[in-house]
Amino acid sequence: MILRSDWTRRGLLGLGLAASGGFLLPRPARAETALPLTPACRDDDDEPTPAQTEGPYFTPNSPERADLVVDGVDGPRISLTGYVRGRTCRPISGALLDLWHCDAEGRYDNQGYRLRGHQFTNDKGFFGFQTIVPGVYPGRTRHFHIKVQAPGGDILTTQLYFPDEPGNVRDRIFDEALLLHIGFPFTGPVASFEFVLA
Ligand SMILES: [Fe+2]
């Protein structure tokens, strides 16, 4: 997987061009084919994923779905994929991931479920969403919101961030431990993250 540190400049530019040119609208891929990501599982890499504030716009009971680009949602596509594992590298299957974020204009849907959805990890602890790149909500840097819960476990509520985003340094709750890895393994950008649950 190619990691691009200049994600903001080239990635978003590319996404913008892609959005206007229309070549970057992949068919919803099966989660298993979206990302060749191997969990690191190093001895020094077992710190649990940090929790962050839920923010004011969580809506419970989101629909179960992998593709959040429905109902006229427009914007540059991105996949959000990764794994959920325990601190001993054990993959956690059946873990719930509930994702929500603003649209390309920085607006949250607080009446319905646009850009909201949940799914469960497979037997390898893998998940995969298809969505759009969030816009920038006023006063914040670009981010996803997500809740992650192992079966019968505590709920981890946190946020995920984009590398090289100018707003990161000004954001009061930004945490570099929550940076996504951005790759372009196939036809479109893939943001990946490995959640470690305590
Ligand atoms: Fe937010």
Side-chain angles (χ1 to χ4, degrees), residues 7-9 11-13 15-16 19 34 47-84 95-121 127-149 153-183 188-198:
W7 150 250
T8 302
R9 292 191 304 279
L12 285 181
L13 177 61
L15 289 169
E47 284 301 307
T49 301
Q52 292 216 309
T53 177
E54 176 179 287
Y57 300 133
F58 175 66
T59 303
N61 304 314
S62 71
E64 181 175 356
R65 58 188 177 195
D67 192 346
L68 305 191
V69 187
V70 295
D71 299 338
V73 167
D74 196 20
R77 289 268 198 147
I78 194 166
S79 301
L80 172 61
T81 70
Y83 290 88
V84 179
L96 168 70
L97 296 108
D98 196 337
L99 173 69
W100 74 103
H101 64 89
C102 66
D103 66 15
E105 307 300 320
R107 299 169 303 208
Y108 288 85
D109 177 11
N110 294 312
Q111 275 72 52
Y113 290 96
R114 291 174 72 241
L115 299 172
R116 299 173 184 271
H118 75 269
Q119 64 180 258
F120 298 89
T121 52
F127 67 91
F129 289 98
Q130 310 290 327
T131 189
I132 62 166
V133 177
V136 176
Y137 182 78
R140 291 296 318 279
T141 191
R142 198 181 309 275
H143 62 280
F144 288 117
H145 292 270
I146 197 162
K147 290 178 180 284
V148 187
Q149 182 183 30
D154 293 334
I155 297 172
L156 168 69
T157 300
T158 193
Q159 303 185 29
L160 300 174
Y161 299 97
F162 290 78
D164 296 336
E165 185 72 27
N168 288 349
V169 294
R170 299 187 296 270
D171 193 279
R172 285 182 299 167
I173 64 171
F174 168 79
D175 184 340
E176 65 179 13
L178 295 167
L179 278 174
L180 294 156
H181 295 278
I182 307 294
V190 174
S192 61
F193 193 82
E194 184 183 51
F195 292 96
V196 179
L197 301 183

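Both counts, for ligands and for their atoms, begin at 1 and track the order of listing. Quick caveat: nothing in here was measured; it's all calculated off a predicted structure.
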| message | I'd like to verify the contacts: list protein N, O or S atoms under a distance of 2.8 Å from the Fe ion (ligand 1). | response | Tyr108 OH, His143 NE2, His145 NE2

| request: Using a 4.5 Å cut-off on heavy atoms from C-beta on, say whether the side chain of Thr158 contacts that of Asp175. | output: no

| With side chains defined as the heavy atoms from C-beta onward, is the minimum distance between Asp103 and Asp109 less than 4.5 Å? | no

| task | Could you give me the CA-CA distance, side-chain angles and deciding distance for Tyr57 and Arg107, then say whether side chain to side chain donor-acceptor pair (under 3.5 Å) is met? | result | CA-CA 10 Å; Tyr57 300 133; Arg107 299 169 303 208; over 6 Å; no

| field | Note: Asp171-Arg142 ion pair, threshold 4.0 Å (strictly below) | value | no

| field | Contact check, side chains of His145 and Phe58, non-hydrogen atoms, under 4.5 Å | value | no

| task | Check Trp100, Tyr108, Phe144 against Tyr137 for a ring-ring contact (aromatic ring centres under 6.0 Å, His included) and give me the one that passes. | result | Tyr108

